[in-house]
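Take a look at the structure set out below.
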Amino acid sequence: MKVLVTGGTGYIGSHTVLSLLEAGHDVLVVDNLANSSRESLSRVQEISGRTAVFHAVDLLDEPALREVFARNSGTEGSHSRIDAVIHFAGLKAVGESVSQPLRYYHNNVSGTINLLRVMDDYGVRTLVFSSSATVYGESNPVPYIEKMEIGANNPYGRTKEQVEDILSDVGAADSRWHIALLRYFNPVGAHESGRIGEDPLGIPNNLVPFIAQVAVGRREKLMIFGGDYDTPDGTCLRDYIHVMDLSEGHVAAVNHVAQKAGVFRWNLGSGIGSSVFDVLHSFERAVGHELAHEITGRRAGDLPAFWADPSAALADLGWSTSKTLDQMCQDHWRWQKNNPQGYTTA
Ligand code: NAD
Ligand code: UFG
């Protein structure tokens, strides 16, 4: 297939571009480079020996997006035509979404509407969307299953929920659409080569990138947000998933929905809850020594514990995770150690 990947220079996108190229698909990338670097695709090319065609386009610029589809609009089934879109492009910082809600709704929701309009006009109606476990909100019991009522508790999460609603309505109105809503749990790790990985701008919001920057000497110590939760060691439990398992989940999902019309929802997680201390100790094993840390107050909005029931993805896609928390930390550390300043090192 010829797959257009929005947000394909970003963290999960670049790993998925690699998996798609390795699976033999042709890949086009659209990204405005708001939170990423083109260097990621050069590295993907170096690893795979294949090239993804890059377009520096913002999804909010509908004419520019239309031009990309116009240039790839051969007859159905022909080599030049886009067969499917995997849509990663979006802003993702929860705290920033609270202070800049309009920017988040505009980028994530309006950007997606532009994409859907252009896809529809060009008859490309197979879409895989990056949703998030955050749509399950605060009131569902764990493990999360796809049929639960959703209700996010922050603007970022509500952009995901709104896009899920829009896609459900689009699929209900026109049976020619083939749509996968993928609810990711906590993606971490990097390709085992250590050549591509997560490269957050500024101070990392997320646990593993923060620990990695402590390990490489860019931050003094990890602040653990809360040690008094009702969990086995007092810290929050999350379902960490290796980014390569996640990227392979996208390949499985796009292959599946390409053959099957409708709107499908799948959790992509391991089904295992790991604590902040589990992650810290695993990362320390990867590095080979202890890392400075301190327990501080809880972070507003954090849930004590959540993880996926990943059985639907196994049953429908034949997909499940294969990599352990130790592999996630080893691979994340290899990337960080070899690229202490991320892609800017290059
Ligand atoms: P990322 O920031 O590394 O990648 C997103 C990419 O989208 C970036 O390259 C950015 O430049 C691009 N982008 C943003 N707005 C755009 C626009 N208007 N037009 C074109 N390009 C645009 O983030 P990621 O971690 O790879 O996440 C990918 C997707 O997965 C996002 O939609 C995110 O919300 C979702 N997600 C991420 C996580 C996570 O913890 N990383 C968890 C659940 C869901
Ligand atoms: N944590 C710390 N210190 C830090 C960073 C995080 O103790 O410096 C703790 C958090 O309190 C939480 C755990 O580590 O208990 C994981 O935190 P992350 O920020 O890495 O991940 P979250 O589960 O809070 O959220 C992430 C994304 C969300 C997404 C969610 C589910 O940031 O956008 O995973 O996919 F919705």
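Given the structure is predicted, the values throughout are model-derived calculations rather than measurements. Atoms within a ligand are numbered from 1 in the order they appear, just like the ligands themselves. The figures that follow rest on heavy atoms only: side chains count, while hydrogens, waters and symmetry mates do not.
- No donor-acceptor contact under 3.5 angstrom links the side chains of Ser14 and Ser40, judged on distance only.
- Nearest protein heavy-atom neighbour of atom 1 (P) of ligand 1: Asn35 ND2, 3.8 Å.
- Within the cation-pi definition used here (under 6.0 Å to the ring centroid, within 45° of the axis), Arg38 does not qualify as a partner of Phe54.
- Within the 4.0 Å heavy-atom shell around ligand 1 one finds Pro187.
- Nearest residue to atom 16 (C) of ligand 2 from Tyr136, Tyr240, Phe277, Phe306 is Tyr240 (criterion: closest heavy atom).
- Close approach of ligand 2 to Ser132 is summarised as follows: ligand atoms under 4.0 Å from at least one heavy atom of the residue are 29 (C), 31 (C), 35 (O), 36 (F).
- In terms of protein heavy atoms, atom 5 (C) of ligand 1 is closest to Gly90 O, 3.8 Å.
- Under a 4.0 Å heavy-atom criterion, Glu198 is not in contact with ligand 1.
- Within the structure, ligand 2 lacks Tyr229 among the residues with a heavy atom less than 4.0 angstrom away.
- At least one heavy atom of Ser131 sits less than 4.0 Å from an atom of ligand 1.
- With a heavy-atom cut-off of 4.0 Å, Asn107 touches ligand 1 through its side chain alone.
- Nearest-residue assignment for atom 9 (O) of ligand 1 (options Asp199, Thr16, Asp31, Leu33; heavy-atom criterion): Asp31.
- Residue contacts with ligand 1 leave out Thr134, since none of its heavy atoms falls under 4.0 Å from the ligand.
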